Every structure is written in C-alpha cells, then in structure tokens.
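Comments concern the structure below.
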Number of protein chains: 2
Amino acid sequence: MTAETTGGDLSRLRHLNALTAIRVLRADEAGFTLTELARRTGLSRASTEDVVRDLTERGWVAEAEKTAGGVGRPARRYRFRADAGHLLGVDIGRHRVLALLTDLDGKVLHSHRVEAAPGLGRVERLAATDDAVRGVLRAGALSGDRLWASGVATTGLVDGTGKVMLSEALHEWTGVDLAAHLGRLVAGRVLVENDSKLAALAENWQGVARHSRDVVFILSGVATGAGLIIDGKLHRGFGNAAGEIGALPAVGWTRAPEHLRDWPGEGDIFAAARDGDRRAAAAIRRYVKDLAVGVSALVLTLDPELVVVGGGFAGSADLLIGPLRAELDRWCIRTPEIRVSTLADQGVALGAVKLAADHVGTVLASGSGLTSIDQFARA
Amino acid sequence: MTAETTGGDLSRLRHLNALTAIRVLRADEAGFTLTELARRTGLSRASTEDVVRDLTERGWVAEAEKTAGGVGRPARRYRFRADAGHLLGVDIGRHRVLALLTDLDGKVLHSHRVEAAPGLGRVERLAATDDAVRGVLRAGALSGDRLWASGVATTGLVDGTGKVMLSEALHEWTGVDLAAHLGRLVAGRVLVENDSKLAALAENWQGVARHSRDVVFILSGVATGAGLIIDGKLHRGFGNAAGEIGALPAVGWTRAPEHLRDWPGEGDIFAAARDGDRRAAAAIRRYVKDLAVGVSALVLTLDPELVVVGGGFAGSADLLIGPLRAELDRWCIRTPEIRVSTLADQGVALGAVKLAADHVGTVLASGSGLTSIDQFARA
DNA sequence: TTCATTATGATGGAGACCATCATTAAAGGC
DNA sequence: GCCTTTAATGATGGTCTCCATCATAATGAA
C-alpha cells in the first residue's frame, strides 16, 4: 500500500519532513548544506537543522566533507548514509545466475556470476543460485544477515509469496519457493518477481526510461517477454500476469525467436546480416515482424511514451530498431519513441535490487520506519 | 499531479487532517458524531472538534439531524455539505446529448436529454449540447456560473486542453474546442475526455467495478471502444490514446458491429436471437468473436481483475457474456470476471461528472483548497 | 586588521495536537 | 418527579513542531 496522504499526530508531520529531507539528500552523494536543504525541503533553516540532527542521531545521515572555496564561513554538509545498509539482487537466468550487492541507493558494489547450463534441474540451479549469492557476499565481506532486503528475478509467473507458479523455460522450476530458499541465506525480506517485469523496473530506475512514466519494455532474447511501467510504477496485474501478450497465438512471440535460433549458417546471425548475408537479414526481418505484432498490441493498449528494447538481442539493436519502428508505424496510431537498453546483462538483476530498495522505502514511509537505523533489518 | 506525500508547516498538518475528516464525512450522508469521527480519523476528540469547527465556519460541514433513540446525552451529528456546490456532466453522443446536474458527491439531481440525429453537423450538435446544458440548469433552477466544475464526454481522441483531435464517428467534429465552447455557458473548469474512458471511470466510481483497481471496460455499441482503470486510476496514455486496440486490423473492432448492423431481419436482432432465430444468433456469435480478439489483447496486456461490458448492447448482455467468456477462455491465461454495466445510458455522463468531481478534489487537496467555500468557484 | 559574507546557535512565540476532568443533557428506573 | 446512568461537551494545561529573528562564529578579501 502506498503511503496514503493522511494526517495525524505532530510526530507524523516530523516524519513526513524527515522523509522529504532524506529524499532530497539522496539526490546528491556529495551532500547538502543546511541552507540548501532548507530551500529544497521548503522548511525553515531552524527546522531543517532539527530534522537533520534527529536523523544523524538515528544513524540515517552523516556529515560529509566540507567543500573548499567560496566566501564566508564554510557550511557543514550532510549526506544520506547509503552505505549504512546493503541490498541484494539476483537474476536466475537460463545460462547463468548473476548476483549484485549494492548500497541503499542501488550503487553496485560487487557482482558475482555463476554459469549454469540451460538443462539444469531444480536442485542444481538452486545450488548455482546459492553459489552466486555466497560469492557476492564474500566479495563484499558481508554475511547474509547484514542484508536489509533482497530481490530475485526468474522467468515465469510468480505469485505474491515468492513461489514460481508456472515456468516453461526452466526445467523443474514450476513450484519452486524462491523466497523461502533464499531466506535461508539472507536476512530481511526476499521479494521475487518475473524477469521481464524487473528489467522494465530497472530501465525506469537507472536506465533509458528514467524520465518516463509510461513505458513498454520488451525483453528480446531466446525467450520474449514484456514488462510495463504505468504511471511511474511497475504494473503487475491482478494475477501477476500483465504483459503476457505472447500467449495470444496470433502474436507469435513463442515462434518469433525461432527465426533466429534456426539459423543454419555459421557464427552469429546478426554478424552475418551485417556482412550482407541476405538469408540472415530475412530471418531477422521475420523475427521483427513477429515481435512487432505483440508490441503493437501493448502499445495500442497503453499508449506509452516510450518502448525500450532490452534482453540478449539488444546488443544487436542496430539491426532491430529500424525495422521494428517501421512495423509499429504500420499498426500504431502514434508510434512511441523506441530506445535500446544500456544496462546490458545487468538489467534484470538491477530490477531485482530495485524491488529490494522499494521495500526499504515502503518501510521507511510506514510510520515506524525512521527509528534507529540499527533496528532496521528484519523489520 | 497527485498530492505528494510531503510535509511542511503545521498548517499543512491541519489541512491533511481536515481532508481526512471530509473524506470520512462524505462516506455517510447522515453524518457522524464527533466521537465516531474521531475514531475514524484517528485524531483525538478534542482535535476532531477543532477541525470540525473550522470546517463548519468555512462552510464545508454542517450540523445534521440528531438521531433519536439510544441512552445518554444525544450527540450532535455533522455532515459534509455536498449540496454546497454543483457539478455538470455532459455526454455528447451520436443520437442524443445527455446532461446531468449533480451535487458535490455526484448524486444526480436533474438530467436533461436532447435528441440529435447522427448526421448532425458541428454547429447543430453544439447547439443541441447547449440546449441540454441549459435544460438541466433550468431544471435545477441554477445559473451556469453557480457550477464548480464540468465534464464533457465525446467520441474520438481528445487533447489535454479540451479539443477534439480526431473523431471518425461524428461529422465535422475533429478540431472542436469543447472546453472553450462550454466555458461560455458555465463557470469553473471544463474537462473533456473520450466517452469510453469516462464510462470506465463511472463504473469504477459508482458502477459494478467499484471495488476493483484494475479494470478493462468495453463500450459495446454501434461503435466499439475501451477504457482502462489501472491501479484505481483512469489510464489515459501518453497521447491520450490508451485502449485504442481497435486500430489493429487483426482485431477488427471496426468490423465487429457490422455483423449486427447488417442484420436483414426485421426488429431487434437480439430479440430475434432470443426467439430462436439461428441467423441472428450466428451474427451475434460473429460479433462476439471479433470483439473478443481485442478484449483478449487488452486482458493479456493488463491482467485486470474485471472486465466490464457497457454501452448500447449491454442491455442484451445475456446473449453476449456467455460467448464472450468462452472466447476469452480460449485466448487468455486467466480469464477475469466479466460483469455487465448497470448504469444504462447514464454511464458516460456520470464519468464526465466524475471528471469534474476529481478536479474539485484536486483543488481541495492542493493547499489553498479548503479556504472558505464561497471562494471556490473559478479556483 | 577590518569588513563583508555566510553559517551557526539560541530565544521566544504561535499553531496544532493530546490527555484529563468537570459539566451538561438526555433516557430510564424508582 | 427525582435520581441514576450514560455519553457528549467544553475548558485547562501540557507537549511537540515549526517559524522568525537576532546575536555569534568562522572564513576570504580588502
């Protein structure tokens, strides 16, 4: 539930003001002077000082380096202690598991990657996941109980409790309780979500969709998926199945990647197309044609500001975007801008981190959140 | 912009508390005692009294009838003065213009209907609109400058300023500046929106979708349209073109109603189907089949809790819903519940009222909103 | 050294909330 | 009709949070 705009106690007012102060402080790592902060929060200098003192005592804010230069008495600077806690993001893919360790602002501190064959069974894949998590914790010299929250990405539909409801891409994966499994390695909440959805979230957070409130994200790879950002928020759907337009046979998203997979030539089909191979180019054209039907359906439904293409094929976006735009122009009333993800193969895992970060944000906003920073984990 | 959860002054806290008090009070026309109100707002009795006194002085709240019975000293009751202002909702349809006059809570006080032939030109249709508005104002013995806000529904795409960008259904309608036109008759803001979107809004407000946050609404009539409620809010899209899935040729929404329109038999095709006419039944089946492709695309994209069918054909829903469900079952991962609108031909106009009501709500929430009630209009 | 500039810290005041308690008003039993 | 019970009302004092203002402190420039 979002923090309702409801009033209450005087302490509630202080809480709101502390939250805005933190929001401002997080905008710049270098920190702010009290005067700057006062201006940006809209509070008086005196009150700002009070709020900052409070937050410092509770451990959320620390004094930063004074900046030299400038006339007058140099001001103290204060910054949000993003380093006070850590978040974990895990992307369980077909070929590998990627784990990211970040600070509270989502800055990646360490990453660890464990290869995993596509045919791996449930137990082995979970073991690879554990390896990735242990590896990244080791790199950060942290134990799992120091984590504030974790996010996990997987293919397939995920239910509200962190169980995989249905997965066609991974063997023996349906029914896995990822939240429970990860919960044995890490402290704090473990949140599980579909990989396409999380990649969309990541684009909206740190990627090319940072400034857009309505985004259709397309995960273009050996499997095709979509994630929707609507009104600045990840749209999950009532049964967590939003964006599954590929299920419509006419859309042919299951068929689309086959055009590329069945490429009989040697080497990379995209490289071949760039070298002028006509059959490769034709196969890519067929792929885009199939892809575009589904994208058009999503775009016509939502009328987004932006379409973002990510996933494994995004590296060859130069060959995809042009034809995709042409196809969309055929079907859509207004073709949105199309951009290519720049998050490479970290996108999904970053989205998982964002899931964890949002959970922390929710707890902060929820009344009891800003009490001492030490009491935070296991909240 | 939504009221951000931002802190501020002490007066801001009072403002928030006043807003919650009003929100509670609006829930029951009969009003509340101070004790009840205090419990529901979470404030102390003393503060609640203060807030209510304040609101009473400003004209937003009035004392209601004491309820008899019960032991002890009978408590005063307070109620929101929904009758303090009026809202207007206008639905400019192909065959008629419908104007509703309501109180601030959207309770319909008067309605006025003016017939209009489908072939009417711009000037004549605007004249009919004026007639409808003047008629409903006369019925309510109000002059236009007593209105706080108005909403207008029309077919076609509408831009942010209240101009019709594109309309295929009505003659000479593209480019009409409805906001400016209505503005000469009424005070306060005039908000214009597409009819399907507004019908969706109405269902979410007073109709069968009252308790759902994600809804696909289908306007099923001589023209087909859709409106989307996402996360409890009307989704417009970046270019205000959300839900226009009918533009996809494969969907065939433009074709769909023709199956019914071209019915060569005499009388109503639905009545004929009920009487056992096989050709009528077959035509209806074809209509539903065409309709269902688009609905499936919307449903797969959004995974809503609910699909609501409204519009002119909703009266014959008994013949439509079953087949529609069967078709959706074929395509969708999870077929949502399907309900039929009960708002009859008032749905669209009610949505227009909701648009106006929301505007009033926004002004209330925005800082200066709760000052004296008299200064409200022209805010 | 002095001045201008900017940050800091302290004081007093106002607004909004709360807890508590004496008072008031009605219903019902005697 | 009087008294008891019940529940609302109104008043008091206290606390918290914010604000405006002013004296003080620290630094760079003249």
Side-chain angles (χ1 to χ4, degrees), chain A residues 5-22 24 30-58 61 63-79 367 370-371, chain B residues 5-22 24-25 30-58 61 63-79 367-368 370-371:
Chain A
T5 310
T6 177
D9 213 337
L10 283 175
S11 65
R12 166 80 176 151
L13 185 59
R14 164 54 65 93
H15 182 229
L16 289 175
N17 283 330
L19 281 178
T20 27
I22 284 191
V24 171
F32 292 85
T33 69
L34 281 181
T35 319
E36 285 168 351
L37 192 57
R39 193 174 49 77
R40 299 214 188 198
T41 54
L43 296 180
S44 75
R45 226 205 76 94
S47 304
T48 309
E49 192 173 355
D50 211 37
V51 169
V52 167
R53 182 184 9 260
D54 227 58
L55 288 171
T56 308
E57 278 168 16
R58 292 168 196 268
V61 164
E63 204 168 332
E65 292 296 302
K66 297 187 186 181
T67 42
V71 271
R73 176 175 178 171
R76 293 182 176 179
R77 303 186 77 82
Y78 299 91
R79 63 175 182 83
L370 280 175
T371 50
Chain B
T5 311
T6 177
D9 213 336
L10 283 176
S11 66
R12 166 80 175 151
L13 186 59
R14 163 54 66 94
H15 183 229
L16 289 175
N17 283 331
L19 281 178
T20 28
I22 284 191
V24 171
L25 286 174
F32 293 85
T33 70
L34 281 181
T35 321
E36 286 168 350
L37 192 57
R39 193 173 50 77
R40 301 215 186 198
T41 54
L43 296 180
S44 74
R45 226 206 79 92
S47 303
T48 309
E49 192 173 356
D50 211 37
V51 169
V52 167
R53 183 188 3 263
D54 227 57
L55 288 172
T56 308
E57 278 168 13
R58 293 169 196 268
V61 164
E63 203 168 332
E65 291 297 302
K66 296 187 187 181
T67 41
V71 268
R73 176 175 178 171
R76 291 181 176 179
R77 304 186 77 83
Y78 299 91
R79 64 176 181 83
S368 63
L370 281 175
T371 49

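Keep in mind it's a predicted model, so treat the numbers as computed, not measured. Sequence lines set the chain letters: A, B, ... in the order given, protein chains first and strands last, and positions in each chain run from 1.
Nearer to the 5' terminus of DNA chain D, by closest-nucleotide assignment, is the contact made by Leu10(A) (compared with the other of Ser47(A) and Leu10(A)). Closest-nucleotide positions on DNA chain C for Thr33(A) and Ser11(B) were compared, and the one nearer the 5' end corresponds to Thr33(A).
Arg77(B) has its CZ atom 15 Å from the P atom of dA7(D), to the nearest Å. Per the geometry, CG belonging to Leu16(B) stands 14 Å off C1' belonging to dC17(C), to the nearest Å. Atom P of nucleotide dC16(D) and atom CG of Asp9(A) are separated by 11 Å, given to the nearest angstrom. The distance between atom CG of Leu43(B) and atom P of dC16(D), rounded to the nearest whole Å, is 18 Å. Rounding to whole angstrom units, CG of residue Leu13(A) and C1' of dC16(D) are separated by 10 Å. Computed from coordinates, the Glu63(A) CD to dA7(C) P distance equals 14 Å when rounded to whole Å. Regarding Arg39(B), its CZ atom lies at a distance of 16 Å from the C1' atom of dA8(D), rounded to whole Å.
When the side-chain nitrogen and oxygen atoms of Asn17(A) are compared with OP1 and OP2 of dC18(D), one or more of them lie within a distance under 4.0 Å. Between dA20(D) and Ser44(A), no contact under 4.0 Å exists linking OP1 or OP2 to a side-chain N or O.
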- Could you walk me through whether Leu16(A) and Leu16(B) pass the side chain to side chain contact (heavy atoms under 4.5 Å, CB included) test, one step at a time? CA-CA 12 Å; Leu16(A) 289 175; Leu16(B) 289 175; 4.2 Å; yes
- Check step by step if side chain to side chain contact (heavy atoms under 4.5 Å, CB included) holds for Thr41(B) and Asn17(B). CA-CA 8 Å; Thr41(B) 54; Asn17(B) 283 331; over 6 Å; no
- Does the pair Leu10(A) and Leu10(B) meet the rule for a side chain to side chain contact (heavy atoms under 4.5 Å, CB included), with working shown? CA-CA 8 Å; Leu10(A) 283 175; Leu10(B) 283 176; 3.4 Å; yes
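Here the side chain of Arg14(B) is nearest to one of dA16(C), dC18(D), dT8(C), namely dA16(C). For Pro74(A), the listed nucleotide lying nearest its side chain is dA26(D); candidates were dA8(D), dC17(C), dA26(D).
Residue pairs that meet the salt bridge (charged side-chain N to carboxylate O under 4.0 Å, His left out) test with at least one member in residues 30-41 of chain B, sequence neighbours left out, are Glu36(B)-Arg77(B). Applying the salt bridge (charged side-chain N to carboxylate O under 4.0 Å, His left out) test to pairs two or more places apart or on separate chains, those with a residue in residues 42-52 of chain A are Arg14(A)-Asp50(A), Arg45(A)-Glu49(A), Asp50(A)-Arg53(A).
In terms of heavy atoms, Val61(B) sits closest to Tyr78(B) at CG1-CB, 3.9 Å.
Counting non-hydrogen atoms under 4.0 angstrom, Asp50(B) reaches nothing in the nucleic acid.
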At a cut-off of 3.5 Å, list every protein nitrogen or oxygen paired with a nitrogen or oxygen from nucleotides 9-11 of chain C, distance to 0.1 Å.
from   : atom 1 : to       : atom 2 : distance (Å)
dG9(C) : OP2    : Glu49(A) : OE2    : 2.9

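You'll find the side chain of Thr56(B) reaches within 4.5 Å of the side chain of Val52(B), heavy atoms only.
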